[in-house]
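Written below as structure tokens is the structure these notes are about.
What you see is a predicted model; the values in this text were computed from it and never measured. Ligands are counted one by one from 1 in listed order, and the atoms in each one are counted from 1 as well.
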Amino acid sequence: MNSPYRKEYSARMKTLLDERGEENMEKIDKVLVSRDEIASFVERLGKQITADYQGEEIVVIGILKGAAVFLADLIRKIDCPVILDFMQVSSYCNGTESSGNVRIRKDLDHDISGKNVLIVEDIIDSGITMQSLTRVLLARNPKSIKVCAAFDKPSRRKVDYTADYIGLEVPDEFIVGYGLDYAGKYRHLPDVCVLELIGGDQ
Ligand code: IMP
Ligand code: MG
């Protein structure tokens with residue numbers, strides 16, 4: 001999924017690469033969130049979701065690809081009937097709140113009308129993707145719709161948006177690991193790490 005942050009970062013990376021004629025200038029700087037901290041918020045979220053839905057069936061929608069790792073951990077902590085589905089979307093970042101600026105690359109297999117829907121996302125940044133996707137899915141008349149994100153960067157918001165469940169708030173850093181990528185890389189890292197430009201000025 002593209003985000004405004006990713007685009008800024010990629011543009012900066014490309015300029016540096018062109019200037020230096022080098023190929024790989026990003027590096028893992030430090031662990032920001034350890035696998036133990038992740039396991040503990042996943043446990044907490046699973047308990048909270050289980051309590052909130054009180055045994056009702058939930059259609060859990062994983063947003064590909066970033067949410068795949070979190071989703072796999074989270075659903076095993078939810079003690080309610082779960083139907084699993086996936087979507088892949090791209091957001092457009094014109095910054096307006098009103099338009100449904102999300103493009104669906106892969107749609108759901110299930111009809112969600114009358115169902116409890118829980119969208120599972122890796123990270124909320126500008127808020128545009130989740131705000132738009134929630135609106136698109138609301139038009140399909142679910143019984144309820146909520147969003148659970150592993151990470152949240154509230155300082156990056158471009159629209160007024162708050163998710164229903166958040167694992168952890170993170171600072172304004174570009175992070176990778178636990179499903180999050182840079183240019184398709186680093187999703188497999190078990191801890192969440194800060195990515196830095198080698199020789200960059202940020
Ligand atoms: P937004 O909230 O619409 O800006 O987009 C959120 C999406 O941007 C996430 O699903 C990620 O794919 C991507 N994203 C935002 N911040 C980061 C980051 O720090 N690392 C990796 N991907 C990020
Ligand atoms: Mg994503």
message = Please report whether ligand 1 has a polar contact with G127, defined as an N or O pair separated by less than 3.5 Å (distance criterion only).
response = yes
key: Proximal atoms of ligand 1 relative to D122 (non-hydrogen, under 4.0 Å)   = 9 (C), 10 (O), 11 (C), 12 (O)
task = Answer yes if the ring centres of F41 and Y165 are under 6.0 angstrom apart, and no otherwise.
result = no
query = Going by the atom numbers of ligand 1, which of them fall below 4.0 Å from some non-hydrogen atom of D181?
reply = 21 (C)
inquiry  = If we set the cut-off at 4.0 Å for heavy atoms, which region of K158 has an atom near ligand 1: side chain, backbone, both, or neither?
reply    = neither
List the atom pairs, with distances to 0.1 Å, where a side-chain N or O of residues 72-79 and a protein N or O form a donor-acceptor pair under 3.5 Å, not counting sequence neighbours.
unit_1	atom_1	unit_2	atom_2	d
D73	OD1	R76	NH2	3.1
D73	OD2	Y178	OH	2.6
R76	NE	A72	O	2.8
R76	NH2	A72	O	3.4
K77	NZ	E43	OE1	3.4

ask   = Would you call D52 and K47 a salt bridge, using N to O less than 4.0 angstrom?
value = no
key: Numbered atoms and elements of ligand 1 in range of E173, under 4.0 angstrom, heavy atoms   = 19 (O)
ask   = Which is closest to atom 15 (C) of ligand 1 in terms of heavy atoms, V102, D172, D125?
value = D125
task = Grab the two heavy atoms, one from L45 and one from I166, that are nearest each other, plus how far apart they are.
result = CD2-O, 3.7 Å
key: Pairs involving residues 51-90, ordered by first then second residue, that meet ring pair (Phe, Tyr, Trp, His ring centres under 6.0 Å) (sequence neighbours left out)   = none
query = What are the atoms of ligand 1, with element, lying closer than 4.0 Å to any heavy atom of T129?
reply = 1 (P), 3 (O), 5 (O)
inquiry  = Among D125, D152, T162, exactly one meets side-chain hydrogen bond (donor to acceptor under 3.5 Å, both in side chains) together with R157. Which residue is that?
reply    = D152
query = Hey, does K153 sit under 4.0 Å from ligand 1 if you only count heavy atoms?
reply = yes
task = Below 4.0 angstrom from a heavy atom of I123, which ligand 1 atoms are there? Numbered from 1 as shown, please.
result = 6 (C), 9 (C), 10 (O), 11 (C), 14 (N), 15 (C), 16 (N), 17 (C), 23 (C)
request  = Return yes or no for this condition: an N or O of L180 is under 3.5 Å from an N or O of ligand 1.
outcome  = no
task = Would you please determine whether G66 falls within less than 4.0 Å of ligand 1 on a heavy-atom basis?
result = no
key: Heavy-atom pair with the smallest gap, counting every atom of V176 and Y182   = CG1-N, 3.7 Å
key: Under 3.5 Å donor-acceptor, D164 side chain and V147 backbone   = yes
Sub-4.0 Å heavy-atom approach of Q131 to ligand 1 = no
